[in-house]
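Everything on this sheet refers to the single structure shown next.
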Amino acid sequence: MTTRGLRCSFAAEMRGDPLTGTAAPATGLLLVEQPGPWGRLALIQSRLDPAVGAALSTRAVGEDLRALLIRRPGRHPAPGRRRWALVDCTPGRESMRWGTFGVDAELLDLPLDGTAGAPSDDPCFLVCTHGRHDACCAMRGRPVASALAAWRPDQVWECSHVGGDRFAANLLALPHGLYYGRVDEANVAQVAATHERGQVTPGLLRGRTTYVPVEQAAQQHARALLGEWGINALAPVALAIAGRGTWRVRLAHRPHDLVVTVRSVPAGPAALLTCAATHLAHPPAFVIDAVHPRPPTRPRPPTRPPPA
């Protein structure tokens, strides 16, 4: 069946574009509450001062953070003070710190080193609803955000563009930085509940933002192979190029680490990958060529002293 004329997320679903290894890499997030409409470039095309938005974006990139605007699902009066959050998604250091600001310029002095704000142990869920960036994000994201907010009202936000429009609705589970795609009203509460139990939802998981795509793909394949769904299970610990378009990823595992050989290939014929795309492109995919245990490192024999 042809996908011509379909919105990108519906066409990608029909083509079977793989979710695995599609989370945008970053070590964390900078979230800024900004109610109201967002233009295509949300940080400089919203009611946030565009000069402040541009400066925040530049600062965030310099710290390997992704800056996103957030707002509560539904219609709400503008708060007197808006909220910001700094999220560290690094495995073993996962954290969220929240603060407030009254005028946009206050954000220019916000430290991005994790020293500001009040820490929170509550998980947080972001649903991309950035319709000016891609219509699918609004069409499919808003109902998901509303459904989840009815269950966890204080922990759910709509957010600006996170990447992977064709996988809408997209959900980010924080502070771990887990990306989920093709989330809908029927499964979103289960995805969130599973995250709160410290596990991932494999069929919808795109990857973790702290790992590059080939590491995400290797980890997800090993999860399925071993049935290990803990959020921090099988963490990538080393990456090496094995050839053109091929990598070896070492994953932490007991009694011995695993080495996964991953190859990048086109997932299918060229297509328009977003609603706004004007040029055809091949959706990416990853093939797992081998999985084997890493042999333990043998201790080096003691060096004999030189003869007198």
Side-chain angles (χ1 to χ4, degrees), residues 19-32 56-70 83-99 107 110-126 128 155 157 159-164 170-181 191-192 194-202 205-223 228-240 247-254 257-258 260 262:
L19 295 166
T20 301
T22 61
T27 59
L29 302 169
L30 171 62
L31 310 179
V32 176
L56 283 178
S57 179
T58 299
R59 290 185 63 207
V61 169
E63 299 292 335
D64 197 22
L65 302 173
R66 181 159 194 159
L68 299 175
L69 297 188
I70 58 174
R83 301 184 71 187
W84 60 262
L86 190 63
V87 189
D88 187 345
C89 302
T90 308
R93 298 206 325 246
E94 298 93 338
S95 66
M96 292 192 71
R97 302 184 72 89
W98 290 89
L107 295 169
L110 175 63
L112 301 183
D113 59 0
T115 59
S120 173
D121 294 328
D122 293 330
C124 179
F125 303 98
L126 309 182
C128 180
Q155 296 168 233
W157 299 82
C159 72
S160 56
H161 177 62
V162 298
N170 286 295
L171 172 77
L172 269 68
L174 303 177
H176 298 83
L178 295 167
Y179 276 59
Y180 291 94
V191 173
T194 300
H195 178 76
E196 291 177 341
R197 294 196 302 269
Q199 295 186 310
V200 300
T201 302
L205 182 63
R206 292 177 54 191
R208 184 167 179 167
T209 190
T210 49
Y211 303 130
V212 297
V214 291
E215 292 175 318
Q216 298 170 27
Q219 183 187 43
Q220 289 172 236
H221 180 84
R223 286 186 191 277
E228 295 193 16
W229 309 119
I231 287 175
N232 289 316
L234 298 162
V237 293
L239 175 66
W247 297 263
R248 290 192 182 92
V249 182
R250 180 157 62 91
L251 306 176
H253 188 253
R254 293 183 178 180
D257 290 353
L258 298 179
V260 182
V262 185

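Counting begins at 1 with the first residue of the sequence.
- Here the closest non-hydrogen pair linking Asn232 and Pro91 is OD1-CB, 4.3 Å.
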Next on the checklist: Working note: Phe125 + His195, criterion side chain to side chain contact (heavy atoms under 4.5 Å, CB included); need CA distance, chi angles, decisive distance, verdict.
Outcome noted: CA-CA 10 Å; Phe125 303 98; His195 178 76; 3.8 Å; yes
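- Annotation: the span from Arg223 atom CZ to Thr20 atom OG1 amounts to 11.0 Å, rounded to 0.5 Å.
- Trp157 and Trp98 have parallel rings, their planes meeting at less than 30° on a 0 to 90° scale where 60° marks the start of perpendicular.
- In plain terms, the two heavy atoms of Trp84 and Arg97 that are nearest each other are CZ3-O, 3.5 Å.
- The two atoms that bring Gly163 and Asn170 nearest to each other are O-ND2, 3.8 Å, heavy atoms only.
- A donor-acceptor pair is defined here as one N or O able to donate and one able to accept, closer than 3.5 Å; such a pair exists between the side chain of Arg59 and the backbone of Leu110.
- Within a 6.0 Å radius of CG in Asp113, more than 12 heavy atoms belonging to other residues, nucleotides or ligands are found.
- Atoms CG and CG, from Leu112 and Asp88 in turn, are 12.0 Å apart once rounded to the nearest 0.5 Å.
- For the atom pair CD of Gln219 and CG of Leu205, the computed distance is 8.0 Å after rounding to the nearest 0.5 Å.
- Within the 4.5 Å cutoff, the side chain of Leu251 has no heavy atoms near those of the Val237 side chain.
- Side-chain contact between Met96 and Cys124 is present, with heavy atoms from C-beta onward closer than 4.5 Å.
- Contact detail for Gly21 and Pro213: the closest heavy-atom pair is O-CB, 3.3 Å.
- Summarising the geometry, atom CD belonging to Gln220 is positioned 11.5 Å from atom OH belonging to Tyr211; distances are rounded to the nearest 0.5 Å.
- Proximity of Gln155 to Pro123: side-chain heavy atoms (C-beta onward) are separated by under 4.5 Å at one or more points.
- For the pair Thr209 and Leu29, the minimum side-chain heavy-atom distance is 4.5 Å or more.
- How far CD1 of Ile231 is from NE2 of His176: 4.5 Å, rounded to the nearest 0.5 Å.
- The line from CG of Leu126 to CG of Leu172 is 5.5 Å long, rounded to the nearest 0.5 Å.
- Side-chain contact between Trp247 and Leu239 is present, with heavy atoms from C-beta onward closer than 4.5 Å.
- Nearest heavy-atom pair, Leu258 versus His253, reported as atom, atom and distance to 0.1 Å: CG-CB, 4.1 Å.
- For the pair Leu174/Leu31, a side-chain contact is recorded, criterion being any heavy-atom separation below 4.5 Å from C-beta on.
- Side-chain contact between Thr201 and Leu178 is absent, with no heavy atoms from C-beta onward closer than 4.5 Å.
- Taking Arg208 as the reference, Glu94 meet the salt bridge (charged side-chain N to carboxylate O under 4.0 Å, His left out) condition, with sequence neighbours excluded.
- Every side chain to side chain donor-acceptor pair (under 3.5 Å) that Thr194 has, sequence neighbours left out, goes to Gln190, Arg197.
- Considering all non-hydrogen atoms of both residues, Val262 and Ala218 come closest at CG2-CB, 3.8 Å.
- Judged as a salt bridge (charged side-chain N to carboxylate O under 4.0 Å, His left out), and not counting sequence neighbours, Glu228 has no contacts.
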Checklist entry - Checking side chain to side chain contact (heavy atoms under 4.5 Å, CB included) for the pair Thr27/Leu65: CA distance, chi angles, key distance, verdict? => result CA-CA 6 Å; Thr27 59; Leu65 302 173; 4.1 Å; yes
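- Using a 4.5 Å cut-off on side-chain heavy atoms (C-beta onward), Val200 and Tyr180 make contact.
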